[in-house]
Amino acid sequence: MQTLTRPKRSVGPEALKRKRQRRFSPLMLIGASVPLIVILVAGIIIIVPRLNSHAADANADCSLIVPPNPLSAKGLATPYQLVATDPNAGPCNEANVGQAAFVQGAIIDPATGKISIYNPLVIDKGTQPAAQPVVPTLPANAVVGLWFGFNGNNLTLKNHNNSLDMGRCTNGANDSIFGQFAYCNARAFFAAANLAIRRGQLTPPALGTAADGMPCPTVRDFSVIDMDQSDNVTTTYLVTGNGIAQNTAANAAALQNAQAQTNASDNRLLSVALDGALNCQSWMAPDLADNGKMVPALPLNELQAAARQAAPMAVVPMGDPMVLNNNNPDPNKVNLYRRGVDQDPIGRADNGNTKTYCKNFLNIAPTRIQLDAQFTKNRPSPDPAAANSLFTFLAQRFNAAFGDGGLNCAKLLNMQSPIQVTTDGNGVATDATINLGNGNNGGNNGGNGGNASAPNCSVNGTVINGCTGTTTINNQSCQVAFDKANNQVNFNCGGAQNQPDQGQQTPVPQGQPTPTPQDQPTPTPQGQQNQPGQAQPTPTAVQTPTAQSTQTQSLQVPTTQGSQDQTQQNITGYPFNTDCRYHNQQT
């Protein structure tokens, strides 16, 4: 199979490896003492074998040998084996954070609709695990899906006794692999899950309200995605001097000095870092290897996002580096990737346009990064070699995705990133200034944001800075975005919340608490009540005058009684008509 060379990521293990290469090494002080160096290196290997090893010639392209019958209980409990795709490029070791591969499994009981999680183990080829994996007990006729993540560049699934066909595994398309991502039987798993949703057996929990007053984010929120959304998994392993083990309470207690190995994933960024900072809770399910401990997982994130994410919803675009084929767009590869993460194919809901994707990314992500700075500045960075806090990590991550080597948004939109990142001598992001064009600034040190170019909006008394954010209209979460190119404010009120074949979903409530059990019914939203005699639909796109200074555009939006029209509307008249009364309030 031809290996697709992915652009180097500016964050995660690859960036960690490159940045640490530039750091001063203590070994330089003892270069004259060869015996001492040998002893020191040997001691490191004995204590923590290859963990956080970042040799300059580390092989970034590895293969994963898939065991026979991977969808069975025995197959799930059989360790996957990591090996170099090209042995001449050097070995691959699971204990090396820059080469580590991860497997995540999800099981749905078609009789009840209940989902459980099981994360198969990965070890080096020819080695034994530090602790034997738990053999799970699966329900009758269980439907199992598998997803893969990788901290290097390219992970190739390798067949063993017809395992790839048995698992219905997808590594890419047209001899071009996705890169860090792959899946097995995901389409069947999501089909069973969505059937359970339609039957009322399975209810994705409501998102809840974040500490910033906005709906909790999902993996399809433009404030969360980057150049390659919906990639990698939340699986973690334990690394010891005697090998690798599943990260369970029993193994952690039995294996002294074990260290956790994690996948640098968007899913983990959401479920651990962002949810922790914003007082949110990802959907969880019991781990069959860890006595039913509740854990997050990629398929749960995708199902919840499909049901609960308000428009605009981020789905994999044509320009995602993982779906390019020899650096060219490949609709077939895009659709294969989307099927693995429960997204509609191109043409059903969108055309995969990367420029549109970039516009939404620009309109939404910097604003929320700035809004959430009060919560993220004092949170630890997911990658200390890339940034010194969660805030600066998100800022430099946006720039990496927005620029060359990412989605190429700067060229597509002919606009520079509104985020300026300050780095230290090691290239670690230490501060960020966000210029939204409305006089606001999200940097750690404060300052002015430049000339005002976007108004503020007041929707039923709620002020939205820069006309970009989220508000509630008719008990629905509405995404507000200021389109500079067309000088208009776009309102998207849940028009894309329901995916085909998933049934009608309850609108996202704007209050706490957020339910976490997978079969708990969605709470009734508490928000604005419909007023008698007001049945006009909510407008979703509003033309605004060119801003002369920082100002507030106040929109008095009537509630809707009865059936709600979620079709996008463009109101081009100015001043606004009687359905959306406008007045200009200087601030």
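What you see is a predicted model, and the numbers here were worked out from it, not measured in a lab.
Between F178 and Y337, the two ring planes are perpendicular [angle over 60°; tilted spans 30° to 60°]. The aromatic rings of F189 and W147 lie perpendicular to each other, with more than 60° between the two planes, well past the 30° mark.
For the residue pair S417 and N399, a side-chain donor N or O sits within less than 3.5 Å of a side-chain acceptor on the partner. In the model, S63 has a side-chain atom that pairs as donor or acceptor with a side-chain atom of T85 under 3.5 Å. Side-chain N/O atoms of D372 and T376 include no donor and acceptor closer than 3.5 Å. Judged purely by distance below 3.5 Å, without hydrogens or angles, the side chains of Q104 and T234 pair a donor atom with an acceptor atom. A donor-acceptor pair shorter than 3.5 Å cannot be found between the side chains of D61 and N153. For the residue pair D221 and S223, a side-chain donor N or O sits within less than 3.5 Å of a side-chain acceptor on the partner. Looking at N194 and D342, their side chains do bring a donor and an acceptor atom within 3.5 Å of each other.
Between the side chain of S230 and the backbone N or O of V341, no donor-acceptor pair lies under 3.5 Å. A donor-acceptor pair is defined here as one N or O able to donate and one able to accept, closer than 3.5 Å; such a pair exists between the side chain of N151 and the backbone of T262. A donor-acceptor pair under 3.5 Å is absent between the side-chain atoms of N69 and the main chain of K74, judged by distance alone.
Between Y357 and P312, every side-chain heavy-atom pair lies at or beyond the 4.5 Å cut-off. The shortest side-chain heavy-atom distance between V144 and Y118 does not fall under the 4.5 Å cut-off.
Here R397 pairs with D266 in a salt bridge; the nearest charged N to carboxylate O distance falls below 4.0 Å.
Rounding to the nearest 0.5 angstrom, the gap separating the CG atom in L390 from the NZ atom in K377 is 12.5 Å.
Contacts of N408 classified as side chain to side chain contact (heavy atoms under 4.5 Å, CB included), with partners at least two apart in sequence or in another chain: D404, K411.
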